Chemist: 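If you scroll down you'll find the structure; I have some questions about it.
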Amino acid sequence: MSFAGVWQTLVRDFVLSVTEEKVPPLGGYFADYVKPDCEVAPDDYRLVALTPSTLRLVVTSSNCLTDCMFELQSKFQQFVPDDWGGHMEKGRRDLGVIGFNILEGPVLDIVEINKTDGYLDWAEPKLNALRWELLLIRAVVDFGRSCQAKQIRLQPAHAGLRETEAADVAPSQPGAQGESKQRYDAGANALGFAYDKNLDCFVCDPCA
């Protein structure tokens with residue numbers, strides 16, 4: 001099968017990767033990514049697989065600019081006052097996302113790890129209780145294993161800095177740069193990725 005055919009197949013099947021358990025259910029490893037002395041309810045959380053074409057079918061604040069994306073969601077409930085005394089809204093909201101492209105091989109190339117820009121008062125306590133970046137990287141590795149990807153790549157923090165400079169955008173504040181290093185570089189090291197100087201990114205073999 002040509003790479004174009006492989007790409008189409010992987011993107012098409014990706015949206016079913018969670019429901020068909022190609023990515024192990026969160027309950028199987030969620031506890032590994034809860035910070036010490038923090039209590040969370042695992043059943044409140046789920047992964048949703050998104051592609052640009054399926055993004056319009058879900059309620060999210062995310063913009064899927066990559067071939068594929070995992071979104072971490074949590075349950076919420078909120079009292080909303082109105083003229084009739086108010087009502088309770090319930091549902092799910094996104095906490096964070098990880099986006100990756102599919103390269104020839106196939107190779108999964110992680111280029112985006114971000115937390116939500118919305119509902120920060122609600123989201124921050126939940127994010128602070130989790131090593132959510134590692135959980136999302138783990139999900140991509142699991143998907144790579146299920147689709148027999150030859151390699152998983154994770155772009156280092158300085159790659160994002162180069163793109164910012166090339167676009168002539170004001171540089172990030174030192175605190176933001178440190179957060180980016182924690183999210184990408186430290187996350188890669190914690191999940192067993194190795195830095196490849198020739199590719200200038202972190203790599204791992206999902207089937208090793």
Side-chain angles (χ1 to χ4, degrees), residues 6-35 40-75 91-116 123 126-127 129-155 183-184 186-193 201-208:
V6 172
W7 184 91
Q8 290 177 345
T9 299
L10 288 179
V11 172
R12 184 190 66 227
D13 294 346
F14 175 69
V15 293
L16 301 175
S17 63
V18 176
T19 54
E20 294 183 352
E21 297 190 0
K22 294 179 181 177
V23 179
L26 278 181
Y29 58 89
F30 185 85
D32 295 338
Y33 302 102
V34 177
K35 291 180 180 178
V40 297
D43 291 342
D44 286 353
Y45 297 82
R46 72 177 182 183
L47 284 176
V48 176
L50 302 175
T51 62
S53 60
T54 61
L55 193 63
R56 65 183 185 275
L57 304 177
V58 299
V59 178
T60 174
S61 65
S62 300
N63 291 316
C64 189
L65 303 178
T66 55
D67 293 336
C68 301
M69 174 182 284
F70 280 121
E71 181 175 83
L72 178 64
Q73 296 182 346
S74 176
K75 293 179 181 177
R92 294 182 184 269
R93 288 174 175 166
D94 51 302
L95 289 170
V97 296
I98 186 166
F100 60 94
N101 293 314
I102 300 172
L103 309 180
E104 190 165 2
V107 170
L108 309 185
D109 186 25
I110 299 170
V111 297
E112 177 185 1
I113 307 174
N114 284 315
K115 59 184 178 182
T116 181
K126 294 180 176 292
L127 290 169
L130 299 173
R131 295 185 295 168
W132 59 273
E133 306 96 327
L134 303 188
L135 187 152
L136 289 172
I137 296 171
R138 162 71 184 273
V140 176
V141 172
D142 286 338
F143 175 68
R145 186 176 297 116
S146 76
C147 70
Q148 298 183 322
K150 292 184 178 179
Q151 190 178 71
I152 310 290
R153 297 178 186 173
L154 198 163
Q155 297 301 313
R183 192 174 296 173
Y184 291 85
N189 290 324
L191 268 295
F193 284 66
C201 66
F202 296 96
V203 300
C204 85
D205 178 353
C207 299

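Everything quoted here is computed from the prediction, not taken from an experiment.
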Chemist: Checking the side chain of N101 only, and the main-chain atoms of T66 only, is there a donor and an acceptor separated by less than 3.5 Å?
Modeler: no

Chemist: May I ask you to check whether over 12 heavy atoms, not counting those of K150, lie within 6.0 Å of atom NZ?
Modeler: no

Chemist: Quick check: closest heavy atoms across G192 and C204, and the distance to 0.1 Å?
Modeler: O-CB, 4.5 Å

Chemist: Which distance, rounded to the nearest 0.5 Å, do you find between the CZ of F202 and the CD1 of I110?
Modeler: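 It is 11.5 Å, given to the nearest 0.5 Å.
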
Chemist: List in chain and number order the residues that pass salt bridge (charged side-chain N to carboxylate O under 4.0 Å, His left out) with D142, two or more places apart in sequence or in another chain; answer none if no residue qualifies.
Modeler: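 Only R138, R145 meet the salt bridge (charged side-chain N to carboxylate O under 4.0 Å, His left out) criterion with D142.
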
Chemist: Report yes if the side chains of L130 and Y45 come closer than 4.5 Å at any heavy-atom pair, otherwise no.
Modeler: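 They are in side-chain contact.
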
Chemist: Does the side chain of L191 reach to within under 4.5 Å of the side chain of V141, using non-hydrogen atoms?
Modeler: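 No - every pair of side-chain heavy atoms lies 4.5 Å or more apart.
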
Chemist: Going from CH2 on W7 to CD1 on I102, what distance comes out if it is rounded to the nearest 0.5 angstrom?
Modeler: 7.0 Å

Chemist: Between CG of D13 and NZ of K22, what distance do you get to the nearest 0.5 Å?
Modeler: 4.5 Å

Chemist: Side chain to side chain contact (heavy atoms under 4.5 Å, CB included) with V203: which residues, sequence neighbours excluded?
Modeler: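 Checked V203 against side chain to side chain contact (heavy atoms under 4.5 Å, CB included); matches are Q151, R153, D196, L199, C201.
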
Chemist: Among residues at least two apart in sequence or on other chains, which ones pass side chain to side chain contact (heavy atoms under 4.5 Å, CB included) with V6?
Modeler: M1, L10, P106

Chemist: Quick one: does any side-chain atom of Y184 pair with a main-chain N or O of I113 as donor and acceptor, under 3.5 Å?
Modeler: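 Indeed, once roles are kept as given, a pair shorter than 3.5 Å links the two residues.
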
Chemist: Can you name the closest pair of heavy atoms from L134 and G187 and give their distance?
Modeler: CD2-CA, 3.4 Å

Chemist: Kindly compute the distance separating CG (D94) from OG1 (T116), expressed to the nearest 0.5 Å.
Modeler: 4.0 Å

Chemist: With a 6.0 Å cut-off on ring centres, are F14 and F100 close enough?
Modeler: yes

Chemist: Give, for atom CG of L95 and atom CD of E71, the distance between the pair rounded to the nearest 0.5 Å.
Modeler: 8.5 Å

Chemist: For W132 and K115, work out which heavy atoms get closest and say how close.
Modeler: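 For W132 versus K115, the nearest heavy atoms are CH2-N, 3.5 Å.
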
Chemist: Please find the pair of heavy atoms, one from V40 and one from A129, that lie closest to each other, and give the distance.
Modeler: CG1-CB, 3.8 Å

Chemist: Quick one: closest heavy-atom pair of L108 and G144, and the distance?
Modeler: CD1-CA, 3.6 Å

Chemist: State which residues pass side-chain hydrogen bond (donor to acceptor under 3.5 Å, both in side chains) with N114; sequence neighbours excluded, sorted by chain then number.
Modeler: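 Per chain and number, N114 pairs via side-chain hydrogen bond (donor to acceptor under 3.5 Å, both in side chains) with E112, R183.
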
Chemist: What residues, two or more places apart in sequence or in another chain, satisfy side chain to side chain contact (heavy atoms under 4.5 Å, CB included) together with R46?
Modeler: V48, Q73, R92

Chemist: Mind checking whether L26 and L135 have side chains closer than 4.5 Å, heavy atoms only?
Modeler: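 L26 reaches L135 side chain to side chain.
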
Chemist: Tell me, please, which residues at least two apart from R131 pass side-chain hydrogen bond (donor to acceptor under 3.5 Å, both in side chains).
Modeler: none

Chemist: Could you tell me the separation between the CG atom of L103 and the CG atom of D109, rounded to the nearest 0.5 Å?
Modeler: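 That separation rounds to 5.0 Å.
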
Chemist: Looking only at heavy atoms, which two atoms of V18 and L47 are closest? And how far apart?
Modeler: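 Smallest heavy-atom distance, with atoms named: CG1-O, 3.6 Å.
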
